[in-house]
Structures are given as C-alpha cells and as structure tokens.
Amino acid sequence: MALHQGTLGTDHGPERRRLSINPFFGLADPVGDMTSAPPTHRLPDGPMPPPTAYQLVHDELMLDGNSRLNLATFVTTWMETQATELMAECRDKNMIDKDEYPRTAELERRCVAMLADLWHAPDPATAVGCSTTGSSEACMLAGMALKRRWTNANADRYRGGARPNLVMGVNVQVCWEKFCNFWEVEARLVPMEGERFHLDPQAAAELCDENTIGVVAVLGSTFDGSYEPVEEVCAALDALQERTGLDIPVHVDGASGAMVAPFLDEDLIWDFRLPRVSSINTSGHKYGLVYPGVGWALWRSSEELPEELVFRVNYLGGDMPTFALNFSRPGAQVVAQYYTFLRLGREGYRAVQQTARDIASGLATGIEALGDFRLLTRGDQLPVFAFTTEPDVTSFDVFDVSRRLREKGWLMPAYTFPPKREDLSVLRVVCRNGFSSDLSALLLEDLRMLLPDLRRQSHPASAEREPATSFHH
C-alpha cells in the first residue's frame, strides 16, 4: 500500500478530479482560464500563468492549520523578517558544495565552534561536528558512530554473530527506533514506572552488557518536557565499569533541551563536562529558534567519530570531507542559525527561553486551577508540560478536550503513554517563541469556556470509537 494514498474525489474516471478556476484568475479574459482547469493527479497538458498557479496552491493550503496555534510541534514557527530575507538569499546555495560556497561553509564551522563552547567541549576550537537536516539525522549519525566504534573494538565477536544493542528509555523520539531498525541494532528500552516517565539510571545500567554500543539520555522528553538525569546515568555507568570493566559511552539527545539548559539551568551538569558523554545533538529548528530544517551533531573529539565514516568528495571542486545522510541541501537554514546566534547571543537566548518557560509555567498553573486536570509536569524544565484529567472526571477525556479545542483553531495533541503506562492518556502543550502570554491567556479562556459542555456529557465521546490518538509521536 502506498504511503500517501491520494483520493480520487467524486470523479473516478480517467481524468479524475480537476481544480476549480475562479474567473478572476484570468489575467486578461475573466473566463479564459476557466476552460483549462488543471488535473490534480497527473501533470497538466500545458503551462499556466504564474499568478494562476500560485493562487490555486495558495487556496488549497488555506485548509492547513495555523502553525502559530500548533501546541504539538516543537518546531520554530516564527522568525524575524531579516532572518527570512537571509534564508531567501541563500536558498539556491547547495550546502555540500563547500568549495563553491566557502563563506556558507565557514558559517557552519563557526556554528559548530559556538555550540562546542556552549556545551563545554574540551577544545571548542577543534570541535568535531556538522549541521544536519534536523535532530533525526543527527541522531542517526551519532548512532552510526557508536556502532562503528563498538564494531571496531569487537570485530571478532561481531563477525561471530554478536548483535549490538542500544539502551534508552521507552520515551525516546521515534528516530531512535528507526536507527535501531535500519542499522540492525537491538533496542533495549527502559519502561516507564509509576510517576517516572523517563529513563532510570540504574535500570539503564542493568540492561548494559558487552554488546552495548551506548546509552541514550534525552535532555527534554517529548512526552512531558522533563530532563533525563544525564549526570546520574553517567554515574551509574561509572559504577558499572568499576564492577565489570565495561566502558559504555553516553549520547545526549538534546533535540530541545540542549538549547534551553545552557541558558536557564547553568548549574545542571549534562554535557561534555561529563567525560562519559561522547556526543550531543540538537535541533536548530526547535529551541535553536530557526525555521526547519537544521540540526547539529557534535562529538567530544575526533576519537569518538571513526575516520572511515567521513567521506571525501572532489568532483564539486576541492577536497571536501562530509559526514551526513543527506547530500544536497540548501544553506539557508545554517545561515539563519548563524544569524540567530549573532542576533541574540547568550543573554538574548536566555531572555527568549526564560519567557517561554514563564509562559509555560503560568499556563500550567492556570490549567491546574480549573479543577478538572492534573499536571504531570509544570513547564519548569523544557517550556513544555503534560496534563491529564482528574480521576473523578468521567464525562470527558483528553481526546474530547483536544477535539473541541481544534474547533477553536488550537492544535493540542492528546496521546497515550507507552509501556508500562498505557493506562495514562495526556494532553501536551509546547510553548515556543512566538506563543505569547496573550495567546496563552486566549487558550486558557477557550478551555474554560469548553468545560461546561464537556462536563454535561454522559461519557467521553471517544468511548464510542476505537481507541485513537490525535498525536503521532
């Protein structure tokens, strides 16, 4: 079955459905373009004027949700005009062609050095890292490096059939499941227990053995916004090494938190200050405050990134090292990241992230005060929090709340937690730059106005349907 199954509309004939043309779209003759309505599922026979093509696409996209009101996404939905202008100026530059675009390559190198300094790399000036299309690609690269280092150190056993494994919490982002599937690594998942919704250090250490390529610690779980205890995970692995001799590296998936904690939680030890932390990734297009898609992957030193994983190409001009799953991609997002680093600096980032955290904490408190909901987190780590209905609320559930808020234009995800907490269904709110205190107040008021109707229900509406989720993790 196709991944994207198109609909045929009401016309199932060979022409399928055609787009409807507004008479005003004709540049000179109001009815001229109406006779050449293009098909939707095959290439049109001929060209059409640019304004007509633009308007057809524009009109259909009006049915998308408003990204600024999307409380599910961690991805940046607002940037300054100057940043978008820079991105437009660089959209035709191919990032991989570093010989042709040396200044864009230099800006990428500077961003890596800035992040290395921010994350306390031993020598930021010679840090090893690269830009990616996002954290998913960055995690794949980090996982590849972990596996290759383990393979090199266990060549005989690997050829003998030993299967490498990766230890992580069941709350990790789906990209880690993809990595384990694509690169044939056993995923050893620490389940949730009680009110613990992320990785337990001791449980992680107990799952490690001679085939473990690494442990993934998440700085900011997408399920509830909480930080995993990276320092405690490293301490548990230190103790494991003392007992068994096993030296297990840690990768920190800082997709969101690696651009929050350095500014708001400076006393939190989670980065390269911990000798066991081998690599870190982050999403520039999340709390890095850049439009998608850009991510970053950094390694403590060149020793953590096996040289055989770095490819060198020269057919674009010059000898260029590259370590990425993608090849051609625009330089616009990297340029926008560098602009944002220059524009804000440490104090600017601190102000932006503190504002987001304050809004998240204030909104969480306001929702708790409504009386129908119980907070799982309060937005005091990532500017993200999760909540569920109180045990005595039986007339509606979180899926009803999500559905009713969607009618108001808000996209608030409702979803069920993984093993062993499938009994828990929650709503989650992501507060990003651009989600202002005014919007927060409007959301709280809309939620307050919905509650009387929801309370009058005899039972949750979702009880009449198959179990579902309005959020795909």
Side-chain angles (χ1 to χ4, degrees), residues 74-76 111-121 124 127-143 145-146 166 168-169 171-176 179 198-199 201 204 214-234 249-290 292-300 304-305 337 340-341 346 349-350 352-353 356-357 377 380-384 430 432:
F74 285 76
V75 173
T76 295
C111 287
V112 168
M114 289 178 179
L115 289 171
D117 178 66
L118 187 67
W119 298 338
H120 301 95
V128 180
C130 63
S131 66
T132 64
T133 56
S135 263
S136 292
E137 182 187 359
C139 290
M140 298 286 176
L141 300 180
L146 289 174
L166 183 66
M168 49 198 166
N171 57 299
V172 292
Q173 215 271 350
V174 69
C175 67
W176 287 107
F179 165 75
H198 56 223
L199 186 66
V215 173
V216 175
V218 181
L219 197 70
S221 172
T222 57
F223 277 92
D224 63 358
S226 62
Y227 293 158
E228 291 192 331
V230 182
E231 188 172 18
E232 287 84 349
V233 169
C234 290
V250 169
H251 172 78
V252 178
D253 182 353
S256 295
M259 293 305 296
V260 174
F263 307 109
L264 302 187
D265 308 294
E266 295 181 78
D267 294 333
L268 182 68
I269 308 298
W270 63 272
D271 53 17
F272 289 125
R273 285 171 289 184
L274 297 168
R276 195 166 292 277
V277 172
S278 170
S279 50
I280 302 172
N281 72 274
T282 196
S283 286
H285 61 230
K286 292 179 181 173
Y287 288 98
L289 308 179
V290 175
V294 61
W296 301 92
L298 271 70
W299 288 264
R300 169 178 292 279
E304 277 75 23
L305 179 59
Q337 184 74 85
T340 307
F341 284 169
R346 287 178 180 259
Y349 263 98
R350 183 173 292 111
V352 170
Q353 311 301 35
R357 180 180 282 182
T377 47
D380 54 357
Q381 293 185 331
L382 284 189
V384 175
V430 178
R432 308 175 305 280

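None of the values given here were measured: they were computed from a predicted structure. For the single chain, residues carry numbers from 1 onward in sequence order.
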Heavy-atom check, side chain of Val384 versus side chain of Thr377, under 4.5 Å = no

message = I want to check something: taking the side chain as every heavy atom from C-beta on, are Phe179 and Cys139 in contact at a cut-off of under 4.5 Å?
response = no

message = For Val277 versus Phe272, what's the shortest heavy-atom pair and its separation?
response = O-CD2, 3.6 Å

ask   = What's the shortest heavy-atom distance between Leu146 and Gly214, and which atoms?
value = CD1-CA, 4.4 Å

inquiry  = Just so I know, are the side chains of Arg346 and Leu118 near enough to count as touching, which here means a heavy-atom distance under 4.5 Å?
reply    = yes

key: Steps toward side-chain hydrogen bond (donor to acceptor under 3.5 Å, both in side chains) verdict (His198, Ser221)   = CA-CA 7 Å; His198 56 223; Ser221 172; over 6 Å; no

ask   = Do you know the tightest heavy-atom contact between Tyr349 and Gly288?
value = OH-O, 2.8 Å

Side chain to side chain contact (heavy atoms under 4.5 Å, CB included) between Thr222 and Asn171, worked out = CA-CA 8 Å; Thr222 57; Asn171 57 299; over 6 Å; no

Side-chain (Gln353) to main-chain (Met259) donor-acceptor, under 3.5 angstrom = yes

ask   = Taking C-beta and beyond as the side chain, do Val215 and Leu199 meet within less than 4.5 Å on heavy atoms?
value = yes

request  = May I ask you to test the Asp265-Arg357 pair for a side-chain heavy-atom distance under 4.5 Å?
outcome  = yes

Heavy-atom pair of closest approach, residues Ala261 and Leu268 = CB-CD2, 4.4 Å

ask   = So which heavy atom on Val230 is nearest to which on Ala217, and how close?
value = CG2-CB, 3.9 Å

query = Listed by chain and number, what are the side chain to side chain donor-acceptor pair (under 3.5 Å) partners of Arg350, not counting sequence neighbours?
reply = Glu266, Glu347

query = Is there a donor-acceptor pair under 3.5 Å between the side chain of Ser279 and the backbone N or O of His251?
reply = no

query = Would you say Glu231 and Leu274 make side-chain contact, with heavy atoms under 4.5 Å?
reply = yes

query = Can you list the residues that meet the side-chain contact (heavy atoms from CB on, under 4.5 Å) rule with Ala356, with sequence neighbours excluded?
reply = Pro383

task = Answer yes or no: is there a side-chain heavy-atom contact under 4.5 Å between Asp271 and Val252?
result = no

